[in-house]
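Below is one structure, written out as structure tokens; the observations come after it.
Order of the sequence lines sets the chain letters (A, B, ...), proteins ahead of strands, with each chain counted from 1.
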There are 2 protein chains.
Amino acid sequence: MRVSTRGEYGVRAMFDLALHFGDGPIALKTVAERQVVSEHYLEQLMAALRKAGLVKSKRGAQGGYELANSPANVSIGEIIRVLEGPITPLDCLDADVETGTGPYCRAPERCVLRNLWKELQDSMTQVLDNTTLEDLRQDAYRLEVAE
Amino acid sequence: MRVSTRGEYGVRAMFDLALHFGDGPIALKTVAERQVVSEHYLEQLMAALRKAGLVKSKRGAQGGYELANSPANVSIGEIIRVLEGPITPLDCLDADVETGTGPYCRAPERCVLRNLWKELQDSMTQVLDNTTLEDLRQDAYRLEVAE
DNA sequence: TTCATTTCCGACTAAATACGTAGGAATTGA
DNA sequence: TCAATTCCTACGTATTTAGTCGGAAATGAA
């Protein structure tokens, strides 16, 4: 029931970029130092975020990363999905019955426990999809910890 | 962000015992067959649930397991905690600052992201702690799938 | 008593996942 | 030209997950 370091560090990095949104590209080295995570490891996460279109990159000297969209338009849920896959307590919840994706839930309408896990999933996505980087940025200013 | 098979199978087994609550001990073999999981594996889960006081066991012929308390008094959250540990997206949320448990969150009041993860945790426990085995039992009768 | 049934217990293991590291090629601005 | 920086592939290792295996101990029934 945990978020992995991919998700945790990824959100931290995106939050960092949100604090500096509009300042042009930020070098990964800078983000890694501020957030105290391995630069090489962050690199992998940024590659995924870039391919998903959440960040833009610029190579070479004075290069770096920046958000592709304004912080208000990036939810934490998007970030987590890119880095960890679907937000679901059980794979079978997302399996497509029509296409037969996955060997699960051939009779979801008869699965009593499905409702339970579905409720859990909904409550998680409710929080993650309705919180944006802008929300976090404002929290940071309230807490006076913006860097 | 997934529940492991320990949690999933454990809830299934407890649900099964709830459906037969009051019928005396149920052999694990029976539960394993009905829920289609390995009996040996379930055995390990039941050991944990027994030590936590959620089920009672009776050894020998005609022996088996039964709920220690009525289904209405057993929440899914309890079951999950016994089998998977604390329900939290990040270990640092549960680390005790006073005793210094865990090397995390030495300044939680300054951690912007903490609020986010805390909200996520709350939304999860909200669902899991407020659903009981009795709720599931009633769902089963509504769906007419009680065995 | 004997025996089949059933829980109880500890060890073992194979596969997957998590969490990175290493090394270097390609690009870019100064 | 060169230092800074992204980009890419591969590798490695520790932990967790998801079980299996074999037998000891207890118990009710015949």
Side-chain angles (χ1 to χ4, degrees), chain A residues 1-13 17 23-68 80 82-86 89-91 103-104, chain B residues 1-13 17 20 23-68 80 83-86 89-91:
Chain A
M1 229 66 143
R2 311 294 159 90
V3 63
S4 70
T5 55
R6 285 178 66 89
E8 185 194 354
Y9 296 175
V11 170
R12 289 241 294 270
L17 293 183
D23 298 354
I26 312 287
L28 205 51
K29 189 180 178 185
T30 309
V31 177
E33 279 169 3
R34 276 198 294 241
Q35 301 297 327
V36 197
V37 299
S38 149
E39 183 183 347
H40 258 55
Y41 190 42
L42 253 196
E43 206 171 271
Q44 291 180 26
L45 310 186
M46 295 313 280
L49 292 166
R50 180 174 48 80
K51 283 168 190 161
L54 271 65
V55 299
K56 290 188 298 191
S57 63
K58 186 168 196 179
R59 303 176 72 166
Q62 321 308 321
Y65 294 89
E66 57 188 319
L67 295 185
I80 299 281
V82 167
L83 297 172
E84 308 203 339
L90 244 51
D91 280 330
Y104 315 98
Chain B
M1 229 68 144
R2 312 292 159 91
V3 64
S4 70
T5 56
R6 284 179 66 90
E8 184 194 355
Y9 296 175
V11 170
R12 291 242 295 270
L17 293 183
H20 300 90
D23 298 355
I26 311 287
L28 203 52
K29 188 180 178 185
T30 309
V31 177
E33 279 169 1
R34 277 198 292 241
Q35 301 297 327
V36 197
V37 298
S38 150
E39 183 183 348
H40 260 55
Y41 189 43
L42 252 195
E43 209 172 87
Q44 290 181 26
L45 310 187
M46 296 312 282
L49 293 167
R50 180 175 47 81
K51 283 168 189 161
L54 271 65
V55 299
K56 291 187 297 191
S57 64
K58 186 167 197 181
R59 303 176 71 164
Q62 322 307 322
Y65 294 89
E66 57 189 317
L67 295 185
I80 299 281
L83 297 172
E84 308 203 340
L90 242 51
D91 281 330

Measure the distance from [atom1] on [X] to [atom2] on [N] and round it to the nearest whole Å.
X     : N      : atom1 : atom2 : value
B:K56 : C:dC8  : NZ    : C1'   : 18 Å
B:Y65 : C:dT5  : OH    : P     : 18 Å
A:Y9  : C:dA18 : OH    : P     : 14 Å
B:E39 : C:dT7  : CD    : C1'   : 10 Å
A:D91 : C:dA16 : CG    : C1'   : 13 Å
A:L83 : C:dG20 : CG    : P     : 14 Å
A:I80 : C:dA18 : CD1   : P     : 13 Å
B:Y41 : C:dT7  : OH    : P     : 18 Å

For C:dT21, does OP1 or OP2 lie under 4.0 Å from any side-chain N or O of A:S38?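 For A:S38, the contact criterion (side-chain N or O under 4.0 Å from OP1 or OP2 of C:dT21) is met.
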
When the nearest nucleotide of DNA chain C is assigned to B:R50 and to A:S4 on a heavy-atom basis, which residue is associated with the more 5' position?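 Whichever sits nearer the 5' end wins; that is B:R50.
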
Counting side-chain heavy atoms from CB outward, which of [options] is closest to [X]?
X     : options                : result
A:K58 : C:dC19, C:dG29, C:dT5  : C:dG29
A:R59 : C:dA25, C:dT5, C:dG29  : C:dA25
A:E43 : C:dG23, C:dT28, C:dT21 : C:dG23

Looking at B:V3, is its backbone amide N or carbonyl O close enough to the side chain of B:E84 to form a donor-acceptor pair, meaning the two atoms are under 3.5 Å apart?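 Absent.
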
Search all heavy atoms of [X] against all heavy atoms of [Y] and return the closest pair with its distance.
X     : Y     : value
A:E43 : A:H40 : CB-O, 3.1 Å
B:G85 : A:R2  : C-NH2, 4.4 Å
A:Q35 : A:R12 : O-NH2, 2.6 Å
A:L17 : A:L67 : CB-CD2, 3.8 Å
B:L42 : B:A13 : CD2-CB, 3.9 Å

Can you give me the first and the last nucleotide of DNA chain D (5' to 3') that has an atom within less than 4.0 angstrom of a non-hydrogen atom in chain A?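 The contacted stretch runs from D:dA4 to D:dA10.
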
Assign B:K29 to base, sugar-phosphate, or nothing according to its heavy-atom contacts below 4.0 angstrom with the strands shown.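 No contact.
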
If you assign each of A:G63 and A:Q44 to its closest nucleotide in DNA chain D, which residue comes earlier from the 5' end?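 Closer to the 5' end of DNA chain D: A:G63.
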
Can you tell me how far apart CG (B:L49) and NZ (B:K56) are? Round to the nearest 0.5 Å.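 Interatomic distance, B:L49 CG to B:K56 NZ, rounded to 0.5 Å: 15.0 Å.
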
